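What follows is a set of notes on a single structure, which appears directly below.
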Amino acid sequence: HAKEQGRNGYRFFESAMNANVHQQLLLQQALRGAIDRREFVLHYQPKMVSPGGPLVGVEALLRWNRPEHGLIAPDGFLALAERTGLIVPIGNWVIDEACRQMRAWLDDGHRDWTVAVNLSTMQLTHPGLIEVVRSALERHRLDGRYLVLEVTEYTAMRDAEASLAILNQVAALGVGIAIDDFGTGYSSLLYLKQLPADELKIDRGFVTELARGNDDEAIVSAIVALGKTLGLNIVAEGVETAEQQALLERLGCDAMQGYLLGRPMPPEALIRSVAHLARS
Ligand code: C2E
Ligand code: MG
Ligand code: MG
Ligand code: MG
């Protein structure tokens, strides 16, 4: 009898596992066709000196509009996209679309901001990257200074020599480089010093519980000092409260992103919320 139960238990486990594998395969299949079906969209999150403006940049954040599933954030498909290599064509689409949107904003008379695109580890070391960036800039008649590529500290360190060479080529196109999620990796200062970076983004993990006199304040203060020494623009991520904002400003952050300043939004909503600020 016990044996029978065990067998049933095993069968149950096996079929649950198959269902999960099946789900993964369906997801992978759906993801594969998503570019051609035009299911990806970019939302843009404002980056500002302080709440209310001026807008100094926007960050493009990928969303997948999957039929019958709604709008899916990156953590629902990015890992799979990286595992399958689909991140390369998807990421190429992101670069082109962000450049197209920036060109449309420029044509509308918005001048003062940059558009940032996130790169995954596989994209950074994929041999086609420089050509993809160069041709997107050319296709949309965009000066490189309007585009920023964000790489996490982890990605930049992964294959340090190769990354450095590629980032130098990116910089040579006039494109900005931001080090994302700073403080979560383990860059050597020697490596950091060599990176052709323009901006350092302090990870949200140091901002969430930031308060006067606590460890996070000391850490942020140290990161700001380090970043300034290296000549970098310092941006804080994940700013949600006025208290955090005031403290970050006092600590010397140059710009901020977070729900307090604005959520990631479709381009029309972004323009509605900031149009009065940045038209020249
Ligand atoms: P990230 O580049 O560090 O982007 C910041 C993430 O924090 C975004 O999540 C954003 O929506 C969220 N966020 C911003 N402000 C706040 C805040 O005040 N509070 C909280 N709780 N969250 C905030 P999202 O859009 O889900 O993206 C997650 C990550 O996925 C990004 O982290 C980035 O690493 C990656 N990602 C997004 N778009 C792309 C893409 O086009 N290509 C690649 N390779 N990665 C992408
Ligand atoms: Mg980012
Ligand atoms: Mg980040
Ligand atoms: Mg992050």
Side-chain angles (χ1 to χ4, degrees), residues 31 34-35 39-48 51 57-65 70-102 114-126 129 132-133 136 147-156 158 163 176-185 197-210 220 223 233-245 248 253 255-266 269-270:
L31 196 59
I35 298 182
E39 291 169 1
F40 289 113
V41 292
L42 295 182
H43 283 188
Y44 295 88
Q45 184 176 35
K47 178 165 73 184
M48 293 169 171
V58 297
E59 177 174 2
L61 294 159
L62 184 60
R63 303 288 181 262
W64 179 17
N65 207 338
L71 208 59
I72 307 178
D75 64 351
F77 62 90
L78 214 58
L80 180 67
E82 274 167 46
R83 251 189 344 264
T84 53
L86 284 169
I87 191 61
V88 172
I90 295 171
N92 292 347
W93 177 84
V94 172
I95 292 169
D96 190 74
E97 173 60 16
C99 289
R100 187 200 62 73
Q101 182 62 70
M102 190 67 222
T114 57
V115 67
V117 166
N118 292 284
L119 288 189
S120 72
T121 307
M122 184 188 272
Q123 286 177 274
L124 182 66
T125 48
H126 193 82
L129 178 70
V132 166
V133 173
L147 180 66
V148 175
L149 296 184
E150 296 195 0
V151 292
T152 64
E153 189 188 0
Y154 171 79
T155 289
R158 241 326 259 288
S163 300
I177 294 163
I179 306 174
D180 205 354
D181 300 353
F182 189 80
T184 61
D198 306 281
E199 184 170 288
L200 187 158
K201 300 184 76 174
I202 302 174
D203 190 70
R204 168 153 56 91
F206 301 109
V207 174
T208 306
E209 288 167 33
L210 183 67
V220 168
I223 294 176
N233 201 46
I234 317 291
V235 179
E237 304 189 298
V239 183
E240 294 184 355
T241 70
E243 291 71 33
Q244 291 164 352
Q245 186 268 326
L248 288 162
C253 287
M256 310 192 191
Q257 276 182 281
Y259 296 166
L260 178 72
L261 303 108
R263 293 198 171 237
M265 300 171 254
L270 178 92

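Counting convention: from 1, in listed order, for ligands and their atoms alike. None of these values were measured; they are calculated from a predicted model.
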> So does Asn118 have any N/O/S atom less than 2.8 Å away from the Mg ion (ligand 2)?
Replying inline: yes
Any atoms of ligand 1 less than 4.0 Å from a non-hydrogen atom of [X]? List them with their elements.
X	answer
Gly258	15 (N), 18 (O)
Val239	18 (O)
Gln123	44 (N)
Val94	41 (O)
Pro264	11 (O)
Gln45	14 (C), 15 (N)

>> Against Leu149, only a single residue in Asn118, Val133, Leu124 fulfils side-chain contact (heavy atoms from CB on, under 4.5 Å); can you say which?
In response: Val133
> Should the pair Phe77 and Phe40 be assigned to parallel (<30°), tilted (30 to 60°) or perpendicular (>60°) ring geometry?
Replying inline: tilted
> Checking only N/O/S atoms, does Asp180 have one that is under 2.8 Å from the Mg ion (ligand 3)?
Replying inline: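 Checking Asp180: at least one N, O or S atom is under 2.8 Å.
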>> Checking contacts here: is it the side chain or the backbone of Glu59 that comes within 4.0 Å of ligand 1, counting heavy atoms only? Could be both or neither.
In response: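 Glu59 to ligand 1: side-chain contact only, backbone stays beyond 4.0 Å.
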> Of all N/O/S atoms in Glu237, which lies nearest to the Mg ion (ligand 3)?
Replying inline: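 For Glu237, the N/O/S atom sitting closest to the Mg ion (ligand 3) is OE2.
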> Of all N, O or S atoms in Asp181, which has the smallest distance to the Mg ion (ligand 3)?
Replying inline: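 It is OD1, the N, O or S atom of Asp181 closest to the Mg ion (ligand 3).
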> Touching ligand 1 at all, Lys201? Heavy atoms, strictly under 4.0 Å?
Replying inline: no
> Any idea which N/O/S atom from Glu59 gets closest to the Mg ion (ligand 2)?
Replying inline: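 Atom name of the closest N, O or S in Glu59: OE2.
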>> For the Mg ion (ligand 2), give me the closest N/O/S atom belonging to Glu150, just the atom name.
In response: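 Among the N, O or S atoms of Glu150, the one closest to the Mg ion (ligand 2) is OE1.
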> Can you find an N or O of Leu62 that's nearer than 3.5 Å to an N or O of ligand 1?
Replying inline: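 Such a contact does occur with ligand 1.
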> ligand 1 and Asp180, any nitrogen or oxygen pair closer than 3.5 angstrom?
Replying inline: yes
> Given Phe40, Phe77, Tyr259, which has its nearest heavy atom closest to atom 12 (C) of ligand 1?
Replying inline: Tyr259
